[in-house]
**Student:** 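One structure follows; several queries about it will come next.
In the text below, chain A, chain B and the rest are named by the order of the sequence lines, each starting its count at 1. These values consider heavy atoms only, across backbone and side chains, with no hydrogens, waters or symmetry-generated copies. Just so it is clear, the structure is predicted and the values come from calculations on it, not from any experiment.
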Number of protein chains: 2
Amino acid sequence: MKITRACDYALKVLVYIASENNKNKIFMRNELSKLCDIPDSFLGKILQALARENILVSERGKKGGFKLQKKPEDISFYDVIKAVEGDITINDCLVDKNFCNSSYGCRIQSILEKVRQNLISDLKKYSLEDIIS
Amino acid sequence: MKITRACDYALKVLVYIASENNKNKIFMRNELSKLCDIPDSFLGKILQALARENILVSERGKKGGFKLQKKPEDISFYDVIKAVEGDITINDCLVDKNFCNSSYGCRIQSILEKVRQNLISDLKKYSLEDIIS
DNA sequence: ATGCTTTAAGACTATTTTAGTCTTAAAAAG
DNA sequence: CTTTTTAAGACTAAAATAGTCTTAAAGCAT
Ligand code: SF4
Ligand code: SF4
């Protein structure tokens, strides 16, 4: 029951960008890597994922880099986790009904589904804004 | 963000034992393995862990096996997960303050700690009794 | 006492996931 | 057209998960 390192890095780097967000400044990967103490190439993958999921805008070439695509209050912890490691599953059967043959009518499954929904809605409650304000 | 197979197996086997709990019947590992469709040796490890954590009673020798040590309503999902895979961490820094050097005063950490506490208290709400009743 | 049956413990192995690197391509700016 | 920056994806290393196997110890039954 853990988030991955990549997720933690993503939160860290997004908080950094959000907190320095004076007039749409754009940050290079290299710069973010040093400031947030995240391995450069690994950060590359993470920033790419965040850009694909419309959390960051990326631009190439000279003067390129990354900036937020939305307001900090519109980027929740759930959005970040989902972008980086995919949806929260809790147990495979919750997301793949063919995973287990006792799946139909399983009451363990229905309780785990409740736990999952609560966790997701809890993670949606917190945004980058809550951190930087 | 997943529970392990071992945890799911543990829930499954405990629910089975709890539901068949006519007058303190004792179940052999072998029997449970077949009935719950869990690899026999792997189930051994799981049952051992549950016995160590005072969820099951184990007895050796002929007429040996496993039975519940508490009433089904006193065995929560949290108890089972904790017994089998250890405590829920969400992020390493929540459980090891030396893990990250930005740990002191980190606001990501304090939010993740809230999420963790909510998840734990949610998992404590549900017991084996909720499944078998 | 001594087999027989059952769990305990832990070393061992295989598979999958996580964490991270590296190389090549493509876009943008000057 | 060269430099700088990200994109994409193959690749690798390390760790965790999932599971097996072997040896020991405990309890019952004769
Ligand atoms: S036993 Fe129930 S909870 Fe476990 S995998 Fe099967 S359907 Fe899901
Ligand atoms: S950055 Fe904050 S949340 Fe992330 S590991 Fe460090 S202390 Fe924990």
**Student:** Do we see a donor-acceptor contact under 3.5 Å between the side chains of A/Y78 and A/D87?
**Tutor:**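 Yes, because at least one side-chain N or O of A/Y78 sits under 3.5 Å from a partner of the opposite role on A/D87.
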**Student:** If you count every heavy atom of other residues, nucleotides or ligands that lies below 6.0 Å from A/K70 atom NZ, does the total exceed 12?
**Tutor:** yes
**Student:** Can you find a pair of side-chain heavy atoms, one from B/N30 and one from B/K34, that are under 4.5 Å apart?
**Tutor:** yes
**Student:** I need a per-nucleotide contact map over nucleotides 12-18 of chain D, read 5' to 3'. Cutoff is protein heavy atoms under 4.0 Å; write B for the base, S for backbone only, - otherwise.
**Tutor:** ------S
**Student:** Please determine whether a side-chain nitrogen or oxygen atom of B/S58 lies at a distance below 4.0 Å from atom OP1 or OP2 of C/dT6.
**Tutor:** no
**Student:** One character per nucleotide, please: for nucleotides 22-30 of chain D, 5' to 3', B when the base has a protein heavy atom closer than 4.0 Å, S when only the sugar-phosphate does, - otherwise.
**Tutor:** ---BBBS--
**Student:** Can you confirm whether the side chains of B/Q109 and B/S103 place a donor and an acceptor under 3.5 Å from each other?
**Tutor:** yes
**Student:** Please tell me if A/R29 has a side-chain N or O lying less than 4.0 Å from either OP1 or OP2 of D/dT4.
**Tutor:** no
**Student:** What closest approach, in Å, do A/K12 and B/C100 show between heavy atoms, and which atom pair accounts for it?
**Tutor:**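 So the minimum-distance heavy-atom pair works out to NZ-SG, 4.5 Å.
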**Student:** Send over the distance from B/K67 NZ to C/dT7 C1', rounded to a whole Å.
**Tutor:** 15 Å
**Student:** Can you list everything that forms a side-chain hydrogen bond (donor to acceptor under 3.5 Å, both in side chains) with B/D92? Sequence neighbours excluded, please.
**Tutor:** A/K2
**Student:** Calculate the interatomic distance between B/Q69 atom CD and C/dT7 atom P; express it in whole Å.
**Tutor:** 16 Å
**Student:** Just how far, in rounded Å, is P of D/dT5 from CG of A/D40?
**Tutor:**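 In whole Å, D/dT5 P lies 12 Å from A/D40 CG.
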**Student:** When you get a sec, tell me which of C/dT21, D/dA8, D/dT20 is the closest nucleotide to the side chain of A/S41?
**Tutor:** C/dT21
**Student:** Is it possible for you to check whether B/R29 lies under 6.0 Å from the centre of the six-membered ring of B/F27, through NZ or CZ, and within 45° of that ring's axis?
**Tutor:**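 Ring-cation test returns no.
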**Student:** Please report, rounded to the nearest Å, how far the P atom of C/dT21 is from the CG atom of A/N30.
**Tutor:**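 About 13 Å, once rounded to whole Å.
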**Student:** Hey, is A/R5 close enough to A/E85 for a salt bridge, meaning N to O under 4.0 Å?
**Tutor:**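 So A/R5 does not pair with A/E85 through a salt bridge.
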**Student:** Going by the rule side-chain hydrogen bond (donor to acceptor under 3.5 Å, both in side chains), which residues pair with A/N118 if we only count those two or more places apart in sequence or in a different chain?
**Tutor:**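 By the side-chain hydrogen bond (donor to acceptor under 3.5 Å, both in side chains) rule, A/N118 matches B/D122.
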**Student:** How many whole angstroms separate atom CD of A/E85 from atom P of C/dT18?
**Tutor:**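 Value for this atom pair: 7 Å.
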**Student:** With the side chain counted from C-beta on, respond yes when A/L112 and B/Y126 share a heavy-atom pair under 4.5 Å apart, and no when they do not.
**Tutor:**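 Result no, sub-4.5 Å side-chain heavy-atom pair not found.
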**Student:** Which residues in residues 43-51 of chain B have a heavy atom closer than 4.0 Å to any atom of DNA chain D?
**Tutor:** B/K45
**Student:** Just to verify, what does A/Y16 make a side-chain hydrogen bond (donor to acceptor under 3.5 Å, both in side chains) with, not counting sequence neighbours?
**Tutor:**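 With neighbours one apart ignored, the set is empty.
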**Student:** Between D/dT6, C/dT7, D/dG19, which one does the side chain of B/M28 approach most closely?
**Tutor:**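 The listed nucleotide nearest to B/M28's side chain is C/dT7.
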